[in-house]
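Fair warning: this is a prediction, and the values are worked out from it, not measured in the lab.
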Amino acid sequence: MSDLLNYILNNEDAFRRNRLPSLYSDFTPQKKTNPDGFSVNVAAWEQALNRAAKRGYTSSRGVRVRSASTGSQKGVLPQRKKTDHLLLRADESLLRDLETPEWGRPVALGTVFDEAMRKNHMVPLPVYKTNPGCLRKSQWRVLNPGALSPWNVMSWGARQLRGFVVGESESSPKLQGQELVLVENLQEAADLAIKKATGSHTSKMDLIYSRESFVESYASILHDATELSGADFDILLLYLSRDCGAIAYDGRTIKFKSSNESTGITQQDTTIASIKYLLSTVSKQVTSLEMKMNELTASAKTALMNKNRISASSALRSKKLVEHNLSQRLNTLAQLEEVYSRIEQAAGQVEIVQVMEASTGVLRGLHAQLGGAERVEDVVEELREEMAKVDEVGNIMNEAAPVIDEGEIDDELEALEKSDREAKEETEAAATRERLAELDSIKRAVGETTHHVSGKQDVDSQLAESIGKLSNMSVEDRPVHAK
């Protein structure tokens with residue numbers, strides 16, 4: 001199983017096992033008999049191929065790998081595949097990559113590409129390069145010169161006649177072996193590149209690239225594990241410069257346009273791009289030489305541990321040569337960085353002066369609208385006169401109002417205060433009388449309670465005294481009642 005097919009079967013929900021018979025069948029007749037099913041199958045293949053291409057699984061050019069040392073060394077970037085992401089080659093190799101042991105090759109893949117081209121989801125590469133407005137056209141067809149041969153014309157007529165007489169249904173077209181531009185991937189890569197370039201720049205010099213530095217900076221713009229191919233960059237730069245106008249490009253130098261800027265590439269831009277690329281190249285050389293020195297140092301130590309002085313001396317001799325080259329490269333790098341810093345400073349000063357000049361023009365225009373200090377003084381004086389007129393009119397209106405005696409107002413105010421004070425005193429006196437009446441009633445209740453208690457105590461004492469006297473009397477002393 002190819003990497004392309006393995007990716008599609010494991011990552012695309014539309015390619016479930018129960019859907020494979022329909023997707024690999026010739027569903028072209030469903031365009032008339034079952035339009036919904038036809039659209040679903042076409043969309044599934046388009047989406048799967050676009051996503052697979054975005055991750056580098058559809059290229060048939062052969063994998064090219066970035067030249068680098070072994071990935072185990074510290075500081076060395078891992079190797080990444082360089083393959084097509086924005087192009088899809090529709091030929092027999094693609095059918096072989098999609099072939100399954102159970103269902104064979106996708107029969108209707110030619111129909112999928114025809115529908116994608118009709119909707120401008122995919123565009124043949126020659127058409128895209130030669131027709132600036134092809135992405136804006138609703139419909140177009142690619143004319144294959146071989147299609148007008150007598151044999152093809154006769155074959156087409158026979159197929160049409162057989163379909164008319166026998167009722168044969170429409171079949172899927174064969175793949176023509178052409179390269180198709182994947183419009184969705186192209187637009188996504190362009191948007192990401194514009195966002196990356198214009199979203200983090202600190203000066204206009206950050207928007208300028210040589211083609212080599214642009215390729216290095218944006219190689220993995222779609223997928224971290226793979227890099228865009230050279231053909232991808234040709235299409236991407238054409239789209240950025242021609243179709244969306246985000247850059248100016250002359251074949252060597254690339255300049256992202258800032259806001260309200262439409263200038264092309266200047267000699268200064270080319271020089272800046274060359275210096276930036278040279279800085280990057282020398283920096284890489286310095287890194288490589290430093291790594292080489294570390295390797296030679298380690299080799300010399302290993303040789304000494306093995307009692308091999310000859311190998312150790314050879315490694316140290318090579319290290320001295322590398323150290324000399326490193327010193328030269330470091331000096332060159334320092335000079336280039338100083339030159340670049342001065343250019344950046346000068347470019348910043350030019351931008352500041354341009355802003356100041358523009359600001360001067362704005363102030364000049366505003367002052368012209370004001371008419372100078374004399375006109376401002378006249379306006380202020382007129383404003384004062386108009387305000388004085390308003391005050392004068394107000395005074396006249398106040399004079400027309402009825403005259404009010406302030407003494408009467410004071411007397412009335414004093415009478416109101418006196419009435420309010422008397423009402424307040426009366427309220428307080430009534431409250432005091434109520435409290436005194438409550439105290440009197442409480443005192444009377446207490447007196448009555450005390451008198452009742454004392455009277456009860458006298459009766460009890462008299463009763464006790466009578467009982468005592470009776471108990472002390474003898475029988476003789478008791479009175480005898482007559483018979």
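L326 is listed as a side-chain neighbour of E290, based on a closest heavy-atom distance under 4.5 Å. Two residues are said to be in side-chain contact when any heavy atoms from C-beta on lie closer than 4.5 Å; L125 and L180 fail this criterion. Residues F256 and F214 form a side-chain contact, since some pair of their non-hydrogen atoms from C-beta on lies under 4.5 Å apart. A heavy-atom distance below 4.5 Å is not found between the side chains of Q178 and M122. Residues E179 and L88 are not in side-chain contact: their nearest non-hydrogen atoms beyond the backbone lie 4.5 Å or more apart. Residues Y218 and L228 form no side-chain contact, since every pair of their non-hydrogen atoms from C-beta on lies 4.5 Å or further apart. For the pair I396/V393, no side-chain contact is recorded, criterion being any heavy-atom separation below 4.5 Å from C-beta on. In this structure the side chain of L237 reaches within 4.5 angstrom of the side chain of I247, judged on heavy atoms.
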For residues 374-382, tabulate all N or O donor-acceptor pairs below 3.5 Å that involve a side-chain atom, not counting sequence neighbours.
unit_1: R375; atom_1: NH1; unit_2: L370; atom_2: O; d: 2.7

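At most 12 heavy atoms of other shown residues, nucleotides or ligands fall within 6.0 angstrom of atom NZ in K195. Around atom CD1 of I310, no more than 12 heavy atoms belonging to other residues, nucleotides or ligands sit under 6.0 Å away. No more than 12 heavy-atom neighbours from other residues, nucleotides or ligands sit within 6.0 angstrom of CD on Q268.
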| request: Using the side-chain contact (heavy atoms from CB on, under 4.5 Å) rule, take V286 and T281 through it: C-alpha gap first, then chi angles, then the decisive distance, then the call. | output: CA-CA 9 Å; V286 168; T281 302; over 6 Å; no

| request: Apply side-chain contact (heavy atoms from CB on, under 4.5 Å) to L87 and L182, showing your working. | output: CA-CA 6 Å; L87 282 174; L182 304 176; over 6 Å; no

| request: Output, in order, the C-alpha distance, side-chain angles, deciding distance and verdict of side-chain contact (heavy atoms from CB on, under 4.5 Å) for T253 and S210. | output: CA-CA 5 Å; T253 306; S210 64; 5.9 Å; no

| task | Under the ring-ring contact (aromatic ring centres under 6.0 Å, His included) rule, what do Y239 and Y128 come out as? Steps first, then yes or no, please. | result | CA-CA 9 Å; Y239 179 82; Y128 179 73; 7.1 Å; no

| said: side-chain contact (heavy atoms from CB on, under 4.5 Å) for N185 and K54? Distances and angles first, verdict last. | reply: CA-CA 7 Å; N185 291 1; K54 191 183 300 182; 3.7 Å; yes

| request: Using the salt bridge (charged side-chain N to carboxylate O under 4.0 Å, His left out) rule, take E102 and R17 through it: C-alpha gap first, then chi angles, then the decisive distance, then the call. | output: CA-CA 11 Å; E102 185 176 1; R17 184 170 181 81; 2.8 Å; yes

| task | Kindly indicate, with the supporting measurements, whether the criterion salt bridge (charged side-chain N to carboxylate O under 4.0 Å, His left out) is fulfilled by K204 and E344. | result | CA-CA 9 Å; K204 288 186 176 181; E344 189 173 19; over 6 Å; no

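Between K389 and E386 there is a salt bridge, since at least one side-chain N of the basic residue sits less than 4.0 Å from a carboxylate O of the acidic one. Using a 4.0 Å cut-off between charged nitrogen and carboxylate oxygen, R252 and E212 do not count as a salt-bridge pair. A salt bridge does not link K319 to E295: none of the charged side-chain nitrogens sits closer than 4.0 Å to a carboxylate oxygen. Using a cut-off of 4.0 Å between Lys/Arg side-chain N and Asp/Glu carboxylate O, E99 and R96 are scored as not salt-bridged. Ion pairing of R51 with E46 is absent here, as no side-chain N (NZ or NE/NH1/NH2) approaches a carboxylate O to less than 4.0 Å.
For Y24, the ring pair (Phe, Tyr, Trp, His ring centres under 6.0 Å) partners two or more places apart in sequence, or in a different chain, are W45. Not counting sequence neighbours, Y277 has no partner by the ring pair (Phe, Tyr, Trp, His ring centres under 6.0 Å) test. Taking the side-chain hydrogen bond (donor to acceptor under 3.5 Å, both in side chains) definition, one finds that K276 meets it with nothing, sequence neighbours left out. The salt bridge (Lys or Arg N to Asp or Glu O under 4.0 Å) test applied to R55 returns no partner, not counting sequence neighbours. Scanning for side-chain hydrogen bond (donor to acceptor under 3.5 Å, both in side chains) contacts around D191 gives an empty result, with sequence neighbours left out.
L9 contributes atom CG, which lies 10.0 Å from atom CD of E12 (distance to the nearest 0.5 angstrom). Note: L4 CG to L98 CG = 5.0 Å, rounded to the nearest 0.5 Å. Distance check: N308 CG to S313 OG gives 9.0 Å after rounding to the nearest 0.5 Å. Here OH of Y209 is found 11.5 Å from OG of S280. Values are rounded to the nearest 0.5 Å. In this structure, the separation between CG on L333 and CG on L330 is 6.5 Å, given to the nearest 0.5 Å.
Heavy atoms only, all atoms of each residue included: G230 and R211 are closest at O-NH2, 4.0 Å. Closest of all the heavy-atom pairs between A303 and S311 is CB-CB, 3.9 Å. In this structure, M205 and I272 approach most closely via the heavy-atom pair CE-CG2, 3.7 Å. Considering every non-hydrogen atom in both I254 and Y249, the closest pair reads CG1-CD1, 3.4 Å. Nearest heavy-atom pair, L186 versus L236, reported as atom, atom and distance to 0.1 Å: CD1-CA, 3.9 Å. For K255 against G264, the heavy-atom pair with the smallest separation is NZ-O, 4.2 Å.
There is a side-chain donor-acceptor pair under 3.5 Å between S229 and D232. Judged purely by distance below 3.5 Å, without hydrogens or angles, the side chains of N11 and Y57 never pair a donor atom with an acceptor atom. Checked by atom type, the side-chain pair N6/N10 shows a donor-acceptor distance below 3.5 Å. Between the side chains of D84 and T58, no donor N or O sits under 3.5 Å from an acceptor N or O. No side-chain donor from either of T302 and S299 sits under 3.5 Å from a side-chain acceptor of the other. Donor-acceptor pairing under 3.5 Å is recorded for the side chains of D269 and T266. A side-chain donor from one of T226 and H223 sits under 3.5 Å from a side-chain acceptor of the other.
T33 places a side-chain N or O within 3.5 Å of a backbone atom of P29 that can act as its donor or acceptor partner. A distance-only check finds a donor-acceptor pair linking the side chain of S318 to the backbone of S314 [under 3.5 Å]. In terms of modelled atom types and a separation under 3.5 Å, the side chain of S341 and the main chain of E337 share no donor-acceptor contact. Proximity of a side-chain donor or acceptor of D26 to a complementary backbone N or O of A108 within less than 3.5 Å is not detected. Counting only distance, with no hydrogens or angles, the side chain of S25 and the backbone of S22 share a donor-acceptor pair below 3.5 Å. Checked by atom type and distance alone, the side chain of D91 pairs as donor or acceptor with a backbone atom of L94 at under 3.5 Å.
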